[in-house]
Structures are given as structure tokens and as C-alpha cells.
There are 2 protein chains.
Amino acid sequence: MDNKNEVNYSCPIEYTMNLIAGKWKLVILWHLSQEKVMRYGEIKKSLNNITHKMLSQQLKELEADGFIHRKAYSQIPPKVEYSLTSLGESFFPILESISKWGKHHFKENEK
Amino acid sequence: MDNKNEVNYSCPIEYTMNLIAGKWKLVILWHLSQEKVMRYGEIKKSLNNITHKMLSQQLKELEADGFIHRKAYSQIPPKVEYSLTSLGESFFPILESISKWGKHHFKENEK
DNA sequence: CTGTATCCGCCGAGATACTG
DNA sequence: CAGTATCTCGGCGGATACAG
């Protein structure tokens, strides 16, 4: 009897990638891990070419997955602060290894 | 004078993610790092729900980016072996940290 | 067995406008 | 300032067939 009706993750990478795949999530987590607390507008400025819609969408998913915490101040104009949860912080080793790789291999493409 | 006409990678993560984003690439690299040499059919079997088209596409991109090496035997039926290049092997720290994260956090979702 | 080509439905993602 | 809703469209990705 096989588990036909379940998603069968053949490996942990597949499992993880289904949580963080996409161009933006890890980048957002990375900035939050550096700055600790960031407002919506700050996050937007730190990313290239991300649209308003995409960013709110990604933030919502990250929050739903329990990776980030959202604190809204009830005021006009609104102010919202984002920060990593402890689960979000558990990505730090991944973020570091990717950042390290990027730094190393990006240099070779610079003029 | 700002570099307006260039893609401005605000951080190394963004740079790297544009190379390996997507659900499949890291999974493929991971299996190759474990098995060293795999035939097309072996890779396909090791992945869940990937279609023929998607796999050839991903393999082609990985080869174009210099992450994997492709060795074709001129025979009928054909035989093709894929393996990591040294650049591909440089992803190992990333793969390891993701695998480690997945193993740890996947357990908590098992029954 | 491995790879390419074509057709096509669906949804990711941009643009825009509106709300509190 | 932060977020939602609607409309729209290109292209991702599945199914299928064909080639070597």
C-alpha cells in the first residue's frame, strides 16, 4: 500500500523548495534578518522591480507560513512593521550560504 | 550618475535567486550531488510530478549556466549521463543547509 | 531512451483604481 | 502609508505527437 493520495516528497529539498520557491521570498527574509524590523515601504525600496501587488502577496504568504510577524499600528497614515519569527530565523543558515555563494560568483561578472 | 541601465542587484541573494529560482533546479542538483552520475530516466524517476518537457527544459538551462555536464553516447537507443560541473558542486553548502532545514521541519508535519 | 515541436488552458503578475 | 480588488495579457507548463 503506497501513499498515493499524499504528496510524496522524495527528498527534503523538494519539501523546502515548495515553501520558499520563487524569486522574492528568500530575498525578503534576508533583508529582515539584516535589519530586524522593517516597514512595508522599506522592504519595497530594498527590492528591485517588485510590484506593490507582488510584495503584499509574498508578505501575506510568508506570514501565513509563520515565517514573519506583522505588527500594525492603528493610525492614519498606517504603519506596519515586519520582523522574523523564530521559525523565520531558522532560515539563516540557508540565507548565509546563498549570500556567500552570490558574493563569490557575482564578482566574476563585474567589469 | 547611477547605473540605471543595468540590473542593480541590491544583494547577493537576489543575484543567486535569479539563477536557481523555481521548484526543480536545486532538487536536480541535489540528486546529482548524491549520485554523482545519473541518466535522464533516473533523474526523472527521482522527481515527483515533473513532466518530460519541464525536465529537459531545466536540464538545458542548468547546462547552459554551466552547472551540469551532459555526456551523450551515440547509440540506439540513446544514453545520456548527467553530472555536476565544479561550478555545480559549489552549490553543495546551499543544498546541504536546505536539506538540513527540510529534514528538521518536515518531521514535525508527519503523522 | 532521450529530445524537440506544437497546441492550448490557466494562472502569475503588471497596471490601475479605490479604501481606511 | 499600507492593503485590496479588478481587469488584462503573456507566458509557464501540461498533453501529445514525432524524430533520431
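Reminder, nothing fancy here: chain letters follow the sequence lines and each chain counts from 1. All values below were derived from every heavy atom in this structure, side-chain atoms included, with hydrogens, water molecules and symmetry-related copies excluded.
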Q: Might you work through the ring-ring contact (aromatic ring centres under 6.0 Å, His included) test for Y82(B) and H31(B), ending with a clear yes or no?
A: CA-CA 11 Å; Y82(B) 290 96; H31(B) 286 293; over 10 Å; no
Q.
Just so I know, are the side chains of P12(A) and I98(B) near enough to count as touching, which here means a heavy-atom distance under 4.5 Å?
A. no
**Q.** Atom-pair distance (NZ on K71(B); C1' on dT2(C)), nearest Å
**A.** 17 Å
Q. Do the two ring centres, one from F91(B) and one from H105(A), sit under 6.0 Å apart?
A. no
Q: Look at R70(A) and dA2(D) and indicate whether a side-chain polar atom (N or O) is within less than 4.0 Å of OP1 or OP2.
A: no
Q.
Could you go through R70(B) and E81(B), starting from their C-alpha distance and side-chain angles, then the distance that decides it, and tell me whether this counts as salt bridge (Lys or Arg N to Asp or Glu O under 4.0 Å)?
A. CA-CA 6 Å; R70(B) 179 179 183 276; E81(B) 289 178 342; over 6 Å; no
Q) Would K25(A) and E61(A) count as a salt bridge (Lys or Arg N to Asp or Glu O under 4.0 Å) if you check the C-alpha gap in whole Å, the side-chain angles of each, and the deciding distance to 0.1 Å? A) CA-CA 9 Å; K25(A) 291 191 176 171; E61(A) 291 178 19; 2.7 Å; yes
Q) For dT4(D), does either OP1 or OP2 sit under 4.0 Å from a side-chain N or O belonging to K60(A)? A) yes
Q.
Under 4.0 Å, heavy atoms only, any strand: does S56(A) hit a base, just the sugar-phosphate, or nothing?
A. base
Q) How about E42(A) and E35(A): do any of their side-chain heavy atoms sit closer than 4.5 Å? A) no
Q: Would you please classify the geometry between the F106(B) ring and the Y15(A) ring as parallel, tilted or perpendicular, with 30° and 60° separating the classes?
A: tilted
Q. Taking atom P of dT4(D) as reference, at what distance in whole Å does atom NE2 of H52(A) sit?
A. 9 Å
Q | Under 3.5 Å: donor-acceptor pair, side chain of S99(A), backbone of E96(A) | A | no
Which protein N or O atoms sit under 3.5 Å from an N or O of nucleotides 6-12 of chain D?
none

Q. To the nearest angstrom, how far is M38(A) atom CE from dC1(D) atom P?
A. 15 Å
Q.
I'd like to know if the side chain of T85(A) and the backbone of G66(A) have a donor-acceptor N/O pair within less than 3.5 Å.
A. yes
Q. For DNA chain D, whose closest nucleotide is more 5', that of L59(A) or that of W24(B)?
A. L59(A)
Q. Which whole-number value in Å describes the distance from Q58(B) CD to dT2(C) C1'?
A. 17 Å
Q. Does the side chain of R39(B) get closer than 4.0 angstrom to OP1 or OP2 of dT2(C) through an N or O atom?
A. yes
Q: Please give the angle, rounded to 10 degrees, between the axes at the start and the end of the helix from dC1(C)-dG20(D) to dG20(C)-dC1(D), where five pairs define each axis.
A: 40°
(Q) So if I take residues 73-83 of chain B and measure heavy-atom distances to DNA chain D, which residues fall below 4.0 Å? (A) P78(B)
